[in-house]
Trainee: 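Here you go, one structure.
A note on names: the letters A, B, ... follow the listed sequences, proteins ahead of strands, and every chain is numbered from 1. All figures in this text were calculated on a predicted structure; none of them were measured in a lab.
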Number of protein chains: 2
Amino acid sequence: MTAPADPLIAEAAALIGDPTRARMLGVLMDGRARTAKELASLAGVSAPTASGHVAKMTAAGLVSVATQGRHRYVRLAGTEVAELIERLMTFAGVARPAVRPRTAAEAAFREARTCYDHLAGRLAVELVAALVARDLLRRGHDGFEPTLAGERWFRARGVDVARARCSPRAFARCCLDWSERRDHLAGALGAALLAALVDGGVLARRKDERTLDVTTMGRRFFAEEVGVPAARAAERTGVPA
Amino acid sequence: MTAPADPLIAEAAALIGDPTRARMLGVLMDGRARTAKELASLAGVSAPTASGHVAKMTAAGLVSVATQGRHRYVRLAGTEVAELIERLMTFAGVARPAVRPRTAAEAAFREARTCYDHLAGRLAVELVAALVARDLLRRGHDGFEPTLAGERWFRARGVDVARARCSPRAFARCCLDWSERRDHLAGALGAALLAALVDGGVLARRKDERTLDVTTMGRRFFAEEVGVPAARAAERTGVPA
DNA sequence: CGAAGGCTTCGGCCTTCGTCGAAGCGTTTT
DNA sequence: AAAACGCTTCGACGAAGGCCGAAGCCTTCG
């Protein structure tokens, strides 16, 4: 006899296993909500097809939809889904070492991107390492924990630490970065930090991607404040529409 | 544009998404190697079908095969695969709360089982919690780290800590338990501990399952040594062959 | 109130892929 | 050497499911 959960994992995996649905989930990995039509065009299928996929993924708990007027906004159902997909990327990256950055777009993607609602990529793991090295952040019993000086650091950058701590979700989880294979900061604190960095003009979201661009101000931020040299913002090549 | 890794994750997920292959992977989750024929009968398909599945999973890096005479032994390719499947179970368990233990076999499965090559289930997370509470084990910067007293504790139970530390794989990772949703001990140390507990007659492997039975001696072990009350060994019901 | 836009349902086409029996190859045993 | 065994390849069958166009529902806008 095999584990009772096997049929269930097959169901979930089969759902992610369709290329079109995988593309949709990849789009949603930036944490933003999308209308069904956007998803359709971004995934390269017709509206009816996309609608069917969204229905299936909703039933399985992969995504959730919110109706607003004549629009239906689709987003990932939660962090568990984002973590699952990130883990799949980790495996795919290990199994296929051929995925070395070839294009400038991919290099930029590995440099800085969103992972659901927080920052990921080389800059993210370097930032965490620097914060730990300066004793602003410590690895706690279940994720990270900022020190007193660390809380000041976060607040000075516009992060409402107290509010993040009150959040119903985990405060400061660690999340395995699939391209770097090291931990970065997730949880409510990670989400708040990303929001603050974007609001503060340190990072800029691209239109339809998870890739983040480091602004000129951002390069100064990472170099001076954290001691992490940020690569020159990659050319926006290979990004048709 | 979407993440460059999306097609790859779809490929991997689609592979796990087939019910038969999921059953095979579930069987292999105990870390033991199986012949193709064993896998076929355990998954309930013919030999040719199983052979095709094994070939596909091998090409994708999910499993690895070792030819020995006229036998071909199949095992999981590595811990990344085990972690990925465990994560899928976590999601499936969340999305479908209907997976409450109904049968005695399932209850036993949640009590103690193998996760690839280490111990998982309620007993595993309780054991780790007790070890941490007694300061025999600490959460380190990347997984766990036994204290000096902890190393003595492990050695006294027949675990070769020094050898585990020299292992090429991670020494003492933490691994999220899908049924308990708390961390248990993985990595080389976790594998060595499971081996020692089985060798020492504390736990007994079932024939074709991941479920572990706690022996009479084992109940004393968990109660006295660690302060974790082990449930009575579940009846071996619902286990046809 | 009619037109327009977003989304879903329906019907049908088509590809993909899991499945097995039969046959073939290589190893082990007698 | 012959027989037994484990495994794979081949060929064919059939079910599952992704895909789209047309049509219909609902909300919003003019």
Trainee: In whole Å, I'd like the distance from the CZ atom of B:Arg21 to the C1' atom of C:dT16.
Mentor: 12 Å
Trainee: Could you please name the option among C:dT8, D:dC20, D:dG18 that lies closest to any side-chain atom of A:Arg72?
Mentor: C:dT8
Trainee: Can you tell which of C:dT19, D:dT27, C:dG18 lies closest to the side chain of A:Arg70?
Mentor: D:dT27
Trainee: Taking the basic N atoms (NZ, or NE/NH1/NH2) and the acidic carboxylate oxygens, is any pair closer than 4.0 Å for A:Arg122 and A:Glu111?
Mentor: yes
Trainee: Roughly how many Å is it from NE2 in B:His71 to C1' in D:dA4, rounded to a whole number?
Mentor: 12 Å
Trainee: Taking CD1 from A:Ile16 and P from D:dG17, how many angstroms apart are they, rounded to a whole number?
Mentor: 16 Å
Trainee: The side chain of B:Ala47 lies closest to which of these nucleotides: D:dC20, D:dT8, C:dC20?
Mentor: D:dT8
Trainee: Distance-only check: which donor-acceptor pairs under 3.5 Å involve side-chain atoms of residues 68-76 of chain A, not counting sequence neighbours?
Mentor:
{"residue": "A:Arg72", "atom": "NE", "partner": "A:Thr67", "partner atom": "OG1", "Å": "3.4"}

Trainee: What parts of residues 32-41 of chain A reach DNA chain D, counting only heavy atoms under 4.0 Å away?
Mentor: none
Trainee: Measuring to OP1 and OP2 of D:dC19, would you say a side-chain N or O of A:His53 lies under 4.0 angstrom away?
Mentor: yes
Trainee: Would you call A:Asp30 and A:Arg206 a salt bridge, taking side-chain N to carboxylate O under 4.0 Å as the test?
Mentor: no
Trainee: Please name the nucleotide paired to D:dG30 by Watson-Crick or G-U wobble geometry with both distances under 3.5 Å, or report none.
Mentor: C:dC1
Trainee: Among the candidates C:dT8, D:dG18, C:dG18, find the nucleotide nearest to the side-chain atoms of A:Ser51.
Mentor: C:dT8
Trainee: In whole angstroms, how far is the C1' atom of C:dC17 from the CG atom of B:Leu15?
Mentor: 12 Å
Trainee: Output yes when a side-chain donor or acceptor of A:Arg173 lies under 3.5 Å from a complementary backbone atom of A:Gly143, and no otherwise.
Mentor: no
Trainee: Between B:Ser46 and C:dT19, is there a side-chain N or O to OP1/OP2 distance below 4.0 Å?
Mentor: no
Trainee: Strictly below 4.0 Å: does A:Thr49 bring a side-chain N or O up to OP1 or OP2 of D:dG18?
Mentor: no
Trainee: For B:Arg110, is there an ion pair with B:Glu106 - N to carboxylate O distance below 4.0 angstrom?
Mentor: yes
Trainee: Check the phosphate of D:dG18 against A:Lys56, side-chain N and O only, distance under 4.0 Å to OP1 or OP2. Yes or no?
Mentor: yes
Trainee: Which of these, A:Lys37, A:Arg34, A:Arg23, sits in a side chain to side chain contact (heavy atoms under 4.5 Å, CB included) with A:Leu42?
Mentor: A:Arg34
Trainee: Report yes or no: do A:Asp213 and A:Thr215 form a side-chain donor-acceptor pair below 3.5 Å?
Mentor: no
Trainee: Find the distance A:Arg23:CZ to D:dG18:P and express it as a whole number of Å.
Mentor: 13 Å
Trainee: Using whole Å, report how far CD of A:Gln68 lies from P of C:dC7.
Mentor: 12 Å
Trainee: Taking OH from B:Tyr73 and C1' from C:dT27, how many angstroms apart are they, rounded to a whole number?
Mentor: 13 Å
